[in-house]
J.: 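Below is a structure I'd like to ask you about.
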2 protein chains.
Amino acid sequence: MTQKNPDPAQHPIRHRASGELRAVALEQFSAVGFAGTSLQQIADAAGYSKSSVLYHFVSKEALLDEVLTPAINCLEEIVDRLASSAGTAQTRSEFIDEFIDFLLEFRLEVNTFINQGQSLRGIGVIDRAGRLILRLTSALRGDDTSTIDGIRFGMALGGAAYTLVAGATYFPDQVSPEEEVRQALQSVVTELLAPVPLRRPIEGK
Amino acid sequence: MTQKNPDPAQHPIRHRASGELRAVALEQFSAVGFAGTSLQQIADAAGYSKSSVLYHFVSKEALLDEVLTPAINCLEEIVDRLASSAGTAQTRSEFIDEFIDFLLEFRLEVNTFINQGQSLRGIGVIDRAGRLILRLTSALRGDDTSTIDGIRFGMALGGAAYTLVAGATYFPDQVSPEEEVRQALQSVVTELLAPVPLRRPIEGK
DNA sequence: ACGCTAACTGACCGATCGGTCAGAGTCTGC
DNA sequence: GCAGACTCTGACCGATCGGTCAGTTAGCGT
C-alpha cells in the first residue's frame with residue numbers, strides 16, 4: 001500500500017502487534033469516538049498492555065493519525081486524478097467509481113473523520129483530510145457554488161459514511177452482499193453528484 | 001451576568017439555569033460527542049459550577065436524556081402520523097415536509113443521535129429513538145426490504161444530519177438563508193425517499 | 001558465551017473524570 | 001423574625017485518563 005516498507009519480505013511478525021493495534025483502534029474510534037476510546041480499552045481488546053500501545057505509538061493522537069493516514073492517502077490520489085482530468089461526464093463517472101470503492105474500502109476511516117472531524121482539528125491527518133474535502137468540492141462543482149449543490153455533496157458524503165457503518169446497525173435485516181451494496185451506493189451517489197439534467201421544481205406548497 | 005429574563009411571569013426565573021445548561025450541553029454533545037464532553041466543560045460554558053449541573057440533572061446521562069427528549073417526542077408524532085395515514089403519494093409528501101421541518105428544528109439533536117446513537121445504547125431516550133427509526137423505516141418501505149431502499153433512507157437520514165451540522169463547517173461559504181437550505185434539502189430528500197418511478201438517465205454521456 | 005536491541009510490561013504520576021455532600025445565599029409566606 | 005424551600009457552590013471521593021520510566025524478556029549476530 002502506501003506505507004514505507006524497507007524490507008517487506010523479512011518482516012513477518014515484526015509489526016504484527018502494531019497492525020493489530022491499528023485495526024482495533026480503528027474499530028473503537030469509529031464506534032465510540034476518539035474521545036470515548038481509552039488506550040486501556042484498545043490494549044485490552046488487542047490483548048496487550050496499555051504500555052505496549054504507547055510503545056508502538058508515541059501518543060493517542062499519533063495512533064489516530066496512523067490509523068487514518070492510509071485512507072487519506074488513497075483519497076488524495078483520487079482527488080488528484082479528478083482535479084487533473086477534463087470535466088467531462090466520462091471523467092466524472094470514473095471518479096464516482098473510484099470514490100465508491102474508496103468509501104467501501106475505508107468505511108470506518110471515513111466514518112471516523114466525517115463524524116468527528118470537526119472536533120479533532122489540530123491533529124495532522126484530520127486537517128489534511130479537511131483540506132482534501134475542500135479540494136474535492138471545488139473540483140466537483142467548479143465555480144457555481146449553489147446551495148443545492150453543496151447540500152447534494154454533503155448528503156452523499158455524510159450519508160455514505162452513516163449508511164456504511166452506523167446504518168448497518170439499525171438495518172441489519174440483510175447483510176447485503178457487498179456487490180449489491182456497491183451497486184445501490186453507486187446508483188444513489190451518482191444521482192446526488194451527477195448534474196441531473198431535469199429536476200422538477202418541488203410541487204407548489 | 002446574562003440578561004434579566006424578561007419573559008412572562010408565568011415561567012419565572014425558575015428554570016432559567018436548567019434551560020441554559022440544556023442548550024449548552026446540546027451544543028457540546030453534538031460538537032465533541034457525549035463521551036468527549038465533561039460536566040466541567042458544560043458548567044464553564046454556561047457560567048455555572050459543575051455541582052450546579054448535577055443539581056439540575058441527576059447525572060450526565062440524565063442530562064443527555066432531557067436534552068434529546070423534545071426532539072424524540074416531535075419525531076414520534078411525525079412517525080405516528082405517517083403510520084396511521086394511507087400510503088398515498090400525497091401523505092408521503094406531507095410526511096417529507098414534516099420531516100424536513102423536524103430536521104431543521106432539531107438538527108443538533110438529530111446529529112447527536114445519528115453520530116453517536118450506536119455507542120449510547122442503554123440510555124432511555126437513545127433506545128427510544130432507535131425504535132422510532134425502525135418504525136419509520138418500516139412505515140416508509142412497507143414490505144419490500146430491498147437493499148437500495150434501505151440505503152436511500154440511510155443516506156437521507158445520515159446525509160441530512162451531517163450536512164446540517166458538520167457540513168456547515170466545511171462549506172461555510174454561504175450561510176444560505178434558512179429558506180434556501182430548506183428547499184434544497186426538500187428537493188434532495190424527496191428524490192431519495194420518494195419512490196421515484198424512473199430516474200435513470202443520469203448517465204448523460 | 002556474550003552483548004545488543006526490539007518488544008513488552010507493571011508501577012507510578014498528575015490531571016481530570018462523574019458524582020456526593022454539607023452547607024451558604026436568597027426569596028417567600030407566615 | 002423566622003422557617004422552609006430553592007438555587008448554587010467548594011471541598012472532597014474513588015476511578016480512570018494519557019503518559020513516563022525502569023526493568024524484564026526473547027531473539028540474533030558475533
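Note that these values count all heavy atoms, side chains included, but never hydrogens, waters or copies made by symmetry. The structure presented is a predicted model; accordingly, all values stated were derived computationally and were not measured.
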J.: Once you round to the nearest 0.5 Å, how far does CZ of B:Arg152 lie from CG of B:Leu140?
T.: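 Rounded to the nearest 0.5 Å, the CZ-CG separation comes to 12.5 Å.
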J.: Between atom CD of A:Glu76 and atom CG of A:Leu132, what is the distance when rounded to the nearest 0.5 Å?
T.: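 A:Glu76 atom CD to A:Leu132 atom CG measures 5.0 Å (nearest 0.5 Å).
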J.: Send over the distance from A:Gln41 CD to D:dG18 P, rounded to a whole Å.
T.: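 Taking atom P of D:dG18 as the reference, CD of A:Gln41 is at 8 Å.
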J.: Rounded to whole angstrom units, what separation is found between the CD1 atom of A:Ile42 and the C1' atom of C:dC8?
T.: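 From A:Ile42 CD1 to C:dC8 C1': 17 Å.
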J.: Can you tell me which residue among A:Asn73, A:Asp65, A:Thr69 is in a side chain to side chain donor-acceptor pair (under 3.5 Å) with A:Arg128?
T.: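 Of the listed options, the one satisfying the test is A:Asn73.
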J.: Can you tell me whether the side chain of B:Lys50 and the base of C:dG19 have a donor-acceptor pair closer than 3.5 Å?
T.: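 For B:Lys50, whose side chain was compared with the base of C:dG19, there is a donor-acceptor pair (under 3.5 Å).
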J.: Between atom OG of A:Ser85 and atom CG of A:Asp80, what is the distance when rounded to the nearest 0.5 Å?
T.: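 So the gap between those two atoms works out to 11.0 Å.
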J.: Which of the following nucleotides, D:dG18, D:dC8, C:dG19, is nearest to the side chain of B:Leu39?
T.: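 Among the listed nucleotides, the one closest to the side chain of B:Leu39 is C:dG19.
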J.: Answer yes or no: does a side-chain N or O of B:His56 lie under 4.0 Å from OP1 or OP2 of D:dC6?
T.: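 Checking B:His56 against D:dC6: no side-chain N or O falls below 4.0 Å of OP1 or OP2.
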J.: When you measure from the side chain of B:Lys60, which nucleotide among C:dC21, C:dG19, C:dC8 comes out closest?
T.: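 The closest nucleotide is C:dG19.
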J.: Looking at B:Ser52, I'd like to know whether one of its side-chain N or O atoms comes within less than 4.0 Å of OP1 or OP2 on D:dC8.
T.: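 No, no such contact exists.
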J.: Please tell me which of A:Val58 and A:Ser38 maps to the more 5' nucleotide of DNA chain D, matching each residue to the nucleotide holding its nearest heavy atom.
T.: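 Whichever sits nearer the 5' end wins; that is A:Ser38.
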J.: If I take atom CZ from residue A:Arg22 and atom CD from residue A:Glu27, how far apart are they, to the nearest 0.5 angstrom?
T.: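 Separation between the atoms: 14.0 Å.
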J.: Please report, rounded to the nearest Å, how far the C1' atom of D:dT7 is from the CD atom of B:Glu20.
T.: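 Spelled out: CD on B:Glu20 to C1' on D:dT7 is 13 Å.
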J.: Could you give me the CA-CA distance, side-chain angles and deciding distance for B:Glu178 and B:Arg182, then say whether salt bridge (charged side-chain N to carboxylate O under 4.0 Å, His left out) is met?
T.: CA-CA 6 Å; B:Glu178 178 92 356; B:Arg182 197 194 176 284; over 6 Å; no
J.: Could you state the OH-P distance from B:Tyr48 to C:dA24, rounded to the nearest angstrom?
T.: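 About 22 Å, once rounded to whole Å.
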J.: Output the single nucleotide from D:dG10, C:dA6, D:dG19 whose closest atom is nearest the side chain of B:Ser51.
T.: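 So the side chain of B:Ser51 is nearest to D:dG10.
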J.: Tell me what B:Leu54 touches on the nucleic acid: a base, only sugar-phosphate, or nothing, going by heavy atoms under 4.0 Å.
T.: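 The residue B:Leu54 makes base contact.
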J.: Looking at five pairs on each end of the helix from C:dA1-D:dT30 to C:dC30-D:dG1, what is the angle between the two axes, given to 10 degrees?
T.: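 Rounded to the nearest 10 degrees, the bend comes out at 0°.
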J.: Rounded off to whole Å, could you give me the CZ-to-C1' distance for the A:Phe34 and D:dC17 pair?
T.: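 About 12 Å, once rounded to whole Å.
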J.: Which whole-number value in Å describes the distance from A:Gln40 CD to C:dC17 C1'?
T.: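 In whole Å, C:dC17 C1' and A:Gln40 CD are 16 Å from each other.
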J.: Going by the rule salt bridge (Lys or Arg N to Asp or Glu O under 4.0 Å), which residues pair with B:Glu77 if we only count those two or more places apart in sequence or in a different chain?
T.: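 Only B:Arg81 meet the salt bridge (Lys or Arg N to Asp or Glu O under 4.0 Å) criterion with B:Glu77.
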J.: Return no unless some side-chain N or O of A:Tyr55 is found under 4.0 Å from OP1 or OP2 of C:dC8.
T.: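 So the side chain of A:Tyr55 is outside the cut-off, no N or O lying under 4.0 Å from OP1 or OP2 of C:dC8.
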